[in-house]
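These notes are about the structure you will find just below.
All figures in this text were calculated on a predicted structure; none of them were measured in a lab.
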Amino acid sequence: MIKILKYGEVENDEIFARTEPTVSVADTVAEIIGEVRARGDSALYEYCERFDGARLECLAVSEAEIDEAMASVEPRFLEVLEKAAANIRKFHSRQKRNSFIINDEDGIVIGQKVIPVDRAGLYVPGGTAAYPSTVLMDSIPAKIAGVREVVMVTPPNKEGKVNPVILAAARIAGIDRIFKLGGAQAIAALAYGSESVPKVDKIVGPGNAYVAEAKRQVFGTVSIDMIAGPSEILVLADGKSDPKCVAADLLSQAEHDKMASAVLVTDSSDLALAVQCEIERQLALLSRQTIARESIDKNGKIIVAPSLSCAIDIANELAPEHLELCVDNPFDYLDKIRHAGSIFMGRYCPEALGDYLAGPNHTLPTSGTAKFSSPLSVDDFVKKTQFTYYTKDALEKVADNVAFFATNEGLGAHAKSAMVRFEEE
């Protein structure tokens, strides 16, 4: 049963405790990466058979396989995927940055170019559930940014097939190439390349502990979006909230995996007790009951705060991945929320709306990293290059200042490079 904690009556360490992984996989992941770097496709085929139970003849997904998948997916689901893709494009198109030039002094031009990375890699998890939403959320911003090639990796089933809805989403999103690869070996292939898999410049997408660790280890060779921890939701609710809705929203994240965390922060003891009972009732009806039960019992909590203002302070300290504001007039509180990956406003905006359809991205900072990082966006797929141009006359006006600055840093060659152009023969 989810525990109820009264703020001020228990230690803050218990209030703000987070789920921590108990087993390190760093050595295993390092070995996998080393094998893929050394043996390329040979290692990838072996790992696919060992971990996914699939004996593949080809790592790449063919166009025929994608056509077959499109034909097998329910037409209504294809329509919903198209609608979600349109909303994601509409939202992320507003994020696109422009290059700029400043030329307001004679003889001086400075500016910045915004340039997409050449190739991006997208990891899409397999395992206990299929995530076509991740395909859309992580590839559409890359396409909007202008990335030349988006490469997707996702683990196959034992028959060597990729879930049809994953392939359908990839077709709708415009992904260029798809490979049947999962786990740390897929991340290694994207980071270093193999005979079949091209090396990418940036890797994005969620995964299990092995995937997260692999991303950590290849960072620097390639860029990554983030090191994603277990999924989490914080519902900030007042006493007017419906306990049935609050419980359902908490369970929507608890069913992700056993490490997920679901937290309610409220100023109402009555709501806390009602939600506790409602969670038990709804848990018994879930198809993923075993997973959700362990998540709720181990990582879930209800925090009763003395006021809504205090509840907001608690939410900001926890800096959750998803935050629901279940209050009247939620826009009155929006500016007070400083740390959250994505905010869902009001009583009719469940987090699941953001997972699938609304348009804002669902790849979000976890484990409190919303205090200093952001949701996946178009910005993640571009880099910026700056440029400077001075004429002779413009440099002559400032050369002595450059030299003076350099001399004060003890860098005489820097000073010389500014002044040498004006020394007499």
Side-chain angles (χ1 to χ4, degrees), residues 33 36-37 40 59-61 85 88-101 111-125 131 133-154 169-179 181-182 184-207 211-228 341 359-365 369 372-387:
I33 292 173
V36 172
R37 291 188 69 180
L59 295 173
V61 174
I88 295 165
R89 288 189 186 99
K90 179 170 66 175
F91 179 85
H92 290 80
S93 292
R94 299 294 292 270
Q95 297 174 339
K96 194 165 184 178
R97 293 178 180 267
N98 294 318
S99 301
F100 65 81
I101 291 176
Q112 178 175 277
K113 292 173 61 181
V114 179
I115 308 165
V117 300
D118 287 337
R119 184 182 288 126
L122 164 59
Y123 186 90
V124 178
Y131 298 104
S133 55
T134 295
V135 178
L136 301 180
M137 291 286 183
D138 289 6
S139 60
I140 289 174
K143 286 293 184 177
I144 291 171
V147 175
R148 292 179 182 176
E149 186 175 43
V150 177
V151 179
M152 186 178 90
V153 292
T154 190
R171 171 67 62 80
I172 288 168
I175 287 173
D176 300 289
R177 300 172 71 182
I178 307 169
F179 294 91
L181 290 170
Q185 61 273 21
I187 300 301
L190 291 174
Y192 297 102
S194 74
E195 296 90 333
S196 298
V197 184
K199 182 185 185 305
V200 304
D201 302 302
K202 178 143 194 172
I203 300 173
V204 303
V211 170
E213 177 60 29
K215 287 170 70 177
R216 187 194 309 275
Q217 291 190 23
V218 302
F219 176 65
T221 298
V222 293
S223 176
I224 61 171
D225 52 351
M226 61 188 76
I227 305 294
N361 211 281
H362 79 191
T363 299
L364 304 167
T369 59
F372 54 80
S373 57
S374 307
L376 189 77
S377 72
V378 172
D379 286 344
D380 284 286
F381 298 98
V382 299
K383 54 194 177 67
K384 303 164 188 82
T385 298
Q386 57 196 28
F387 57 88

**Message:** One pair to check against salt bridge (Lys or Arg N to Asp or Glu O under 4.0 Å): Asp176 and Arg119. What are the steps and the verdict?
**Reply:** CA-CA 10 Å; Asp176 300 289; Arg119 184 182 288 126; over 6 Å; no
**Asked** Quick one: CG on Leu122 to CE on Met152, what's the gap to the nearest 0.5 Å?
**Response** 6.5 Å
**Request:** Starting at CZ of Phe91, measure out to CD1 of Ile144 and round the result to the nearest 0.5 Å.
**Result:** 10.5 Å
**Message:** For Phe219, I'd like to know if atom CZ has over 12 heavy atoms of other residues, nucleotides or ligands within 6.0 Å.
**Reply:** no
**Item:** Side-chain donor/acceptor of Asn361 to backbone N/O of Ser377, under 3.5 Å
**Value:** no
**Asked** Does the Asp138 side chain pair with the main chain of Tyr123, one donor and one acceptor, at a distance under 3.5 Å?
**Response** no
**Asked** So which heavy atom on Ala145 is nearest to which on Phe381, and how close?
**Response** CB-CB, 3.7 Å
**Prompt:** Does Pro206 offer a backbone N or O that forms a donor-acceptor pair with the side chain of Lys215 under 3.5 Å?
**Reply:** no
**Prompt:** So do Ile33 and Gln217 actually touch side chain to side chain, heavy atoms under 4.5 Å?
**Reply:** yes
**Request:** Give a yes or no answer on whether the side chain of Lys143 reaches the backbone of Gly174 with a donor-acceptor pair at less than 3.5 Å.
**Result:** yes
**Asked** Which heavy atom in Ile224 sits nearest to a heavy atom in Ile227, and how many Å separate them?
**Response** CD1-CD1, 3.5 Å
**Distance-minimising heavy-atom pair for Leu136 and Ile88** = CB-CD1, 3.7 Å
**Request:** Locate the shortest heavy-atom distance separating His92 from Pro141; write the atom from each residue and the value.
**Result:** CD2-CG, 3.5 Å
**Request:** Give, for atom CD1 of Ile101 and atom CG of Asn98, the distance between the pair rounded to the nearest 0.5 Å.
**Result:** 12.0 Å
**Request:** Would you sort out whether Leu190 and Val222 count as a side-chain contact (heavy atoms from CB on, under 4.5 Å), showing the intermediate values?
**Result:** CA-CA 9 Å; Leu190 291 174; Val222 293; over 6 Å; no
**Prompt:** How long is the gap from OG1 on Thr154 to OH on Tyr131, to the nearest 0.5 Å?
**Reply:** 11.0 Å
**Asked** In terms of heavy-atom contacts, does NZ of Lys113 have more than 12 from other residues, nucleotides or ligands at under 6.0 Å?
**Response** no
**Request:** With sequence neighbours excluded, give me every salt bridge (Lys or Arg N to Asp or Glu O under 4.0 Å) pair touching residues 91-101.
**Result:** Arg97-Asp379
**Over 12 non-hydrogen atoms of neighbours within 6.0 angstrom of CD in Gln386** = no
**Prompt:** Quick check: are there more than 12 heavy atoms from other residues, nucleotides or ligands sitting under 6.0 Å from CZ of Arg171?
**Reply:** yes
**Prompt:** What's the shortest heavy-atom distance between Gln112 and Phe387, and which atoms?
**Reply:** N-CE2, 3.7 Å
**Atom pair CD1 (Ile175) and CD1 (Ile140), whose distance is rounded to the nearest 0.5 Å** = 9.0 Å
**Item:** Shortest non-hydrogen separation from Ala228 to Ala212 and the atoms involved
**Value:** O-CB, 4.1 Å
**Message:** Walk me through whether Val218 and Ile203 qualify under side-chain contact (heavy atoms from CB on, under 4.5 Å).
**Reply:** CA-CA 10 Å; Val218 302; Ile203 300 173; 4.3 Å; yes
